[in-house]
Amino acid sequence: MSNILDGKGLAQQIKDEMATEVASMMINGDKIPHLAAVLVGEDPASQVYVRNKVRSCEQVGFKSTLIRKDAGISEEELLAVVEKLNQDPDIDGFIVQLPLPKHIDEHKVTLAIDPKKDVDGFHPSNFGRMAQGLPAYLPATPNGIMEMLKRYEVPTEGKEVVVLGRSNIVGMPMSILLAQKNYPGNASVTICHSRTKDLEEHTRRADIIVAAIGIPEFLKANMVKEGVVIIDVGINRVDDETRKRGYRLCGDVDFEGVSPKASLITPVPGGVGPMTVVSLLMNTLKASKGTV
Ligand code: L34
């Protein structure tokens, strides 16, 4: 049997389920979920991700609004865009795609988003609620990973989990969720980062590794044990002249080397990325129903 955790296929299945639900909402005359995305500048990867989000909205029958702004937009102007979306009664939830240009304080922008519309789950109020196990919008990538573990019935209770990376949007929330008294959770979680001594000593003990450090093919076969479950969050573009686009995508895991040792592994692309997108849609559906 294949050891692939097929995020792409699973995301499609969840979108099909959501499309059915949206169709019946429409018949009942309920409000159709409406997501807005703000994209600042021309970052090529961000354009792809946001396009995937907008396209997925169309697939499930959501309304979507894409607001594009020049990279030169001032912080003040961007905050005004956020405020307008906060006030717009037709918008159920919205995101400001990261990263933002250097002259804009991401933290300030995140704080300006109404937590009730913060379908990215980045606002400290949502993060704090998540950390305390209260109803909250969960950040899309960790939430997508949790959904994937659940649907594939991956055992997590009592497992040794190593999270590589401590970012606010992936590593930190992921480690909190996996330690919580829930399924998928109840794991013993270790966070490793740039100051970790003897990282391999940790990764070799791990039953589950979540790699989110942004270094292409960082995790090698000799760093993991037989039967490990690998969640590869990395999505790196590396130059490749044999490809038409001039680059190929790879994760933070050396897939070729690690896959033969892994009981389960997410590919890149087609693993965590599509689950991130679908979990944003799940949050938007909740926002439109007012269930968070
Ligand atoms: N505000 N900023 C905000 N919210 C987010 O949730 C994100 N993230 C991360 C970057 N900045 C953000 C995303 O949307 C990463 N991310 C994301 C979204 C979608 C995909 C990857 C990352 C995705 O669709 N990946 C596809 C391939 C894409 C490609 O061809 O380049 C995949 O199969 O992995």
Side-chain angles (χ1 to χ4, degrees), residues 4-12 14-15 35-41 43-57 59 64 66-69 78 81-82 85 93-101 104-113 115 117-123 126-127 137-148 165 167-174 210-214 216 231-238 240 243-253 255 265-284:
I4 298 295
L5 288 166
D6 177 14
K8 191 174 178 192
L10 183 53
Q12 190 55 54
I14 296 171
K15 282 192 277 190
L35 173 74
V38 182
L39 176 58
V40 180
D43 179 73
S46 293
Q47 298 196 53
V48 174
Y49 304 158
V50 171
R51 198 193 313 132
N52 289 349
K53 292 174 184 183
V54 170
R55 193 185 297 146
S56 293
C57 281
Q59 287 171 0
S64 66
L66 173 58
I67 300 170
R68 300 198 62 147
K69 293 290 172 188
L78 184 57
V81 172
V82 167
L85 291 167
F94 67 97
I95 66 160
V96 179
Q97 188 71 19
L98 304 179
L100 291 170
I104 297 175
D105 181 351
E106 286 183 357
H107 185 62
K108 219 170 176 177
V109 174
T110 303
L111 275 176
I113 298 173
K117 294 192 175 189
D118 171 35
V119 284
D120 257 337
F122 291 174
H123 192 286
N126 278 312
F127 193 100
Y137 294 113
L138 305 184
T141 300
N143 194 32
I145 294 169
M146 295 297 272
E147 191 67 27
M148 181 150 63
S167 72
N168 286 335
I169 71 172
V170 183
M172 204 45 87
M174 196 68 240
V210 180
I213 38 173
I231 307 295
D232 190 352
V233 184
I235 175 149
N236 309 290
R237 293 178 168 205
V238 298
D240 185 343
R243 305 289 175 105
K244 237 190 292 167
R245 296 180 295 189
Y247 67 88
R248 68 184 171 90
L249 288 177
C250 74
D252 292 349
V253 177
F255 186 91
I265 184 166
T266 60
V268 177
V272 173
M275 290 304 295
T276 296
V277 174
V278 90
S279 106
L280 174 68
L281 300 188
M282 287 161 46
N283 278 348
T284 305

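Each ligand, and each atom within it, is numbered from 1 in the order the structure gives. What you see is a predicted model, and the numbers here were worked out from it, not measured in a lab.
- Contact detail for Pro115 and Asn126: the closest heavy-atom pair is O-ND2, 3.1 Å.
- Judged by distance alone, with hydrogens and angles left aside, the side-chain atoms of Asn168 form no donor-acceptor pair with the main-chain N or O of Phe122 at under 3.5 Å.
- Between Leu39 and Ser46, the shortest heavy-atom contact is CD1-CB, 3.8 Å.
- Remark: the backbone N or O of Ile113 is not paired with any side-chain donor or acceptor of Asp118 at under 3.5 angstrom.
- Polar contact with ligand 1: absent for Thr141 (N/O pair, distance under 3.5 Å).
- Side-chain atoms of Lys117 come within 3.5 Å of backbone N or O of Leu85 as a donor-acceptor pair.
- Atoms of ligand 1 found under 4.0 Å from any heavy atom of Phe122 (numbered from 1 in listed order, with element): 1 (N), 3 (C), 4 (N).
- Judged by distance alone, the side chain of Asn236 and the main-chain N or O of Gly251 form a donor-acceptor pair under 3.5 Å.
- Each of the atoms 29 (C), 30 (O), 31 (O) of ligand 1 lies under 4.0 Å from some heavy atom of Leu249.
- Without hydrogens or angle criteria, Glu106 side chain to Leu100 main chain gives a donor-acceptor distance under 3.5 Å.
- Nearest protein heavy-atom neighbour of atom 2 (N) of ligand 1: Leu98 N, 3.0 Å.
- Listed by number with element, the atoms of ligand 1 under 4.0 Å from a non-hydrogen atom of Val277 are 19 (C).
- Contact annotation: Val48 has at least one heavy atom less than 4.0 Å from an atom of ligand 1.
- Distances below 4.0 Å separate heavy atoms of Pro274 from the following atoms of ligand 1: 32 (C), 33 (O), 34 (O).
- Counting the atoms of ligand 1 from 1 in the order shown, those under 4.0 Å from a heavy atom of Val96 are 1 (N), 3 (C).
- What sits closest to atom 20 (C) of ligand 1 on the protein, heavy atoms only, is Tyr49 CD2, 3.5 Å.
- Nearest heavy atoms, Ala212 versus Val233: CB-CB, 3.8 Å.
- Residue Gly270 approaches ligand 1 through these ligand atoms, each under 4.0 Å from one of its heavy atoms: 32 (C), 33 (O), 34 (O).
- Within the 4.0 Å heavy-atom criterion, the part of Ile235 lying near ligand 1 is the side chain and not the backbone.
- Looking only at protein heavy atoms, the nearest one to atom 24 (O) of ligand 1 is Asn52 ND2, 2.8 Å.
- Here the shortest heavy-atom pairing between Pro216 and Gly214 reads CD-O, 3.9 Å.
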With a 3.5 Å cut-off and sequence neighbours excluded, list the donor-acceptor pairs that the side chains of residues 265-276 form with protein atoms.
residue, atom, partner, partner atom, Å
Thr266, OG1, Asp232, N, 2.8
Thr276, OG1, Thr141, OG1, 3.1
Thr276, OG1, Val272, O, 3.2

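- For atom 12 (C) of ligand 1, the choice among Glu106, Lys8, Gln97, Arg55 with the nearest heavy atom turns out to be Gln97.
- Under a 4.0 Å criterion applied to the non-hydrogen atoms of Lys53, ligand 1 contributes the atoms 4 (N), 5 (C), 6 (O), 7 (C), 13 (C), 14 (O).
- Distances between N or O atoms of Asp120 and those of ligand 1 include at least one value under 3.5 Å.
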